[in-house]
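Order of listing sets the numbers, starting from 1, for every ligand and every atom in it.
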Amino acid sequence: MNQKAVFDILPDHVDGSRDLMIFGHFLEHFHRQIYGGVFDPGSHLADENGFRRDVIEALRKIKTPIIRWPGGCFVSAYPWKKGVGQRVPYYDKAWRVEEPNTFGTDEFVAFCREVGAEPFICTNAGTGSPEDMSDWVEYCNLEIGEWAAQRRSNGQAEPFGVRYWSIGNENYGGWEMGAKTADEWARLVLESAKMMKRVDHRIELAIASIPDLDWNVKALREAGDLLDWVSIHGYWSRASDEGVFEKGYENLIARAFQPEERIVAVKHILGSLGYLGKLRIAFDEWNLRGWCHPHFMMFGPTDHALMDANDINSNYNMADAIFTACFLNSCLRHCDVVGMANFSPAVNTVGAIYTHADGIVLRPTYHVFDLFANHTFDEILHSALASPSFDVASEEGTATSVPRLDAVATRDSTTGQVGITLVNLHGEDAISCRVRGLDADRYSGATLRTVNGNAVDAYNDVDQPDAVSIAEGQLQIADVSDFEIECPAHSVSVLSVS
Ligand code: AHR
């Protein structure tokens, strides 16, 4: 297929500034994310706090800026006060397992500190009250009062200074414990935000949101001035009730730009309510793959064994890498409104890192985070991409068209170095991209780093940890103002020009 893409960069026009928090992650008390994931006191790989050293190192390498916790659905009946001081196991009504409760607020904040990430606490707006939520802020951030005293007596002399908080998780959904109507939601948000910000006015507050005007209108009209973020979620591929994950590459990448549609829809809602520029989007749960927890809504026993399907590494391949790169490109393109995103989850389930007794496996999505977090820059340069497209089968089996190539140009506002993301979505063919517009007097050298495997279904596992990895090479470019670069089939690259 002899088609080319053309990427014109206008370096004199900066579209906006990237917030590093788009490279954030999420951790929920679900299956092996916390226990046997990040927290494994019995492991020979754990540090003195019980945290897995290899996981911490991997999260540090991708500059994890922020971690959301403790859920997810789990939080909507989470009694946070039982997770500090004296610990008693209790029954987790979300996932219907016994919660050992040995990882609570103190452990979460300590884990974030070891990773170098900001803690982002999602509060219980299901069964919880404004008082519970604001007591939690007291526990974390105050020097005075009952909850600060509790923290001190638990051995934490200094306030944690947790800046990022969220009221609720998906409280619009019937699956959530303590789900709310839009009217109930507006009232709860107002009272909770008021009390939380009275405890500490420096905190930044998000609320559970969705691209639906009716859900947002009352909450934002009543409490919008007390808020900083709207939190939205998205998963675009569901495992079957038997625990089988979707495999068709084209069928999966057909959804690569659906997150962007969601961003635009929420942006319009914020605009229509007069909050564009004041509230930003925290896309604080996202992943191509939904988590496998079949029969979640049914009463009676849950088949927990089916959740083990999440841990099959062959489920996660180049389709996941391509989708992840397109998602991050969409956040970069909409940097005026997307200020945070949290890959769901960080560890195990459908996450970027898989833990086992003797180490970790870095799934293909991890390497995309490595590329983007370490090799893109803060300024988003104005650009125009002309790419051929191709037809893929959509979810419904009908053809849909996706671009062969997706690209974003970034620049370091301090050093002037440029980082161009290049995603070739095509499963079989390479594509050549003509890049124009960079100053030939300013730049001379280039390094190309590419995440790829030998096939669309390539994956990493314990016995093949590097089937998908990052290849790096220096490029000789005669004229940086107008050159061509070859992007291999099903690949994610960042071209660094300096
Ligand atoms: O499937 C995981 C769940 O997805 C999270 O707990 C919830 O927030 C979302 O609906």
Side-chain angles (χ1 to χ4, degrees), residues 24-35 37-38 66-78 80 92-97 99 103 108 120-128 164-180 185 206-212 215 229-241 243-246 255 258-259 262 281-298 302-304 306-312 315-316 320 323 327 340-352 365:
H25 286 266
F26 170 52
L27 280 173
E28 176 160 353
H29 290 241
F30 175 88
H31 202 234
R32 293 196 320 116
Q33 292 180 34
I34 302 289
Y35 306 105
V38 299
I66 189 161
I67 302 174
R68 176 177 181 257
W69 169 88
C73 296
F74 170 83
V75 79
S76 290
Y78 178 56
W80 77 265
D92 158 19
K93 296 190 182 76
W95 305 119
R96 290 179 269 174
V97 292
E99 163 58 42
F103 188 98
F108 170 62
F120 175 23
I121 294 182
C122 180
T123 61
N124 174 354
T127 63
Y164 298 96
W165 294 82
S166 173
I167 299 174
N169 177 77
E170 299 184 359
N171 307 81
Y172 44 78
W175 58 87
E176 203 71 15
M177 283 170 292
K180 304 283 182 281
W185 180 239
I207 57 164
S209 186
I210 192 172
D212 177 88
W215 175 256
W229 301 88
V230 287
S231 137
I232 59 169
H233 294 171
Y235 301 90
W236 287 267
S237 169
R238 290 271 165 208
S240 76
D241 274 358
V244 178
F245 282 62
E246 272 189 87
R255 298 158 218 177
Q258 290 178 8
R262 203 164 291 190
I281 295 173
F283 217 131
D284 58 16
E285 275 186 45
W286 71 272
N287 195 315
L288 168 62
R289 313 276 183 179
W291 307 2
C292 180
H293 42 68
H295 317 302
F296 172 48
M297 289 291 285
M298 287 167 55
T302 309
D303 190 347
H304 290 107
L306 283 168
M307 292 181 186
D308 292 343
N310 290 299
D311 279 346
I312 300 171
N315 286 330
Y316 313 103
D320 300 80
F323 181 92
F327 181 98
M340 188 199 306
N342 304 71
F343 192 62
S344 169
V347 177
N348 293 328
T349 317
V350 301
T365 47

Inset, instruction - Could you tell me whether the side chains of W95 and E28 share a donor-acceptor contact shorter than 3.5 Å? - result: yes
Inset, instruction - Any atoms of ligand 1 less than 4.0 Å from a non-hydrogen atom of H293? List them with their elements. - result: 1 (O), 2 (C)
Legend entry - Rounded distance (nearest 0.5 Å) linking atom CG of N348 with atom CZ of F30: 11.0 Å
Inset, instruction - Return yes if a side-chain donor-acceptor contact under 3.5 Å exists between T365 and D320, otherwise no. - result: no
Inset, instruction - Would you tell me whether N169 and S166 have side-chain atoms, one donor and one acceptor, within less than 3.5 Å of each other? - result: no
Inset, instruction - Run the contact test for W95 against ligand 1 with a 4.0 Å cut-off on heavy atoms, strictly below, and give the result. - result: yes
Legend entry - Interfacing atoms of ligand 1 (cut-off 4.0 Å, heavy-atom, E28): 5 (C), 6 (O)
Legend entry - Closest approach of any protein heavy atom to atom 8 (O) of ligand 1, naming residue and atom: E285 OE2, 2.7 Å
Inset, instruction - May I ask whether Y235 places a heavy atom under 4.0 Å from ligand 1? - result: yes
Legend entry - Shortest protein heavy-atom distance from atom 9 (C) of ligand 1, along with the residue and atom involved: E170 OE2, 3.1 Å
Legend entry - Where ligand 1 meets C73 - atom numbers and elements under 4.0 angstrom, heavy-atom basis: 5 (C), 6 (O), 7 (C), 8 (O)
Legend entry - Centroid-centroid distance, F120 to W69, less than 6.0 Å: no
Inset, instruction - Please state whether the rings of F74 and Y78 are parallel, tilted or perpendicular, taking 30° and 60° as the class boundaries. - result: tilted
Inset, instruction - Within a distance under 4.0 Å of any heavy atom of W291, pick out the atoms of ligand 1 and give their elements. - result: 1 (O), 2 (C)
Legend entry - Atoms of ligand 1, numbered as shown, that sit under 4.0 Å from any heavy atom of N169: 7 (C), 8 (O)
Inset, instruction - Evaluate the ring-ring contact (aromatic ring centres under 6.0 Å, His included) criterion for residues Y235 and W286: first the C-alpha distance (whole Å), next the side-chain angles of each, then the deciding distance (0.1 Å), finally the verdict. - result: CA-CA 6 Å; Y235 301 90; W286 71 272; 9.4 Å; no
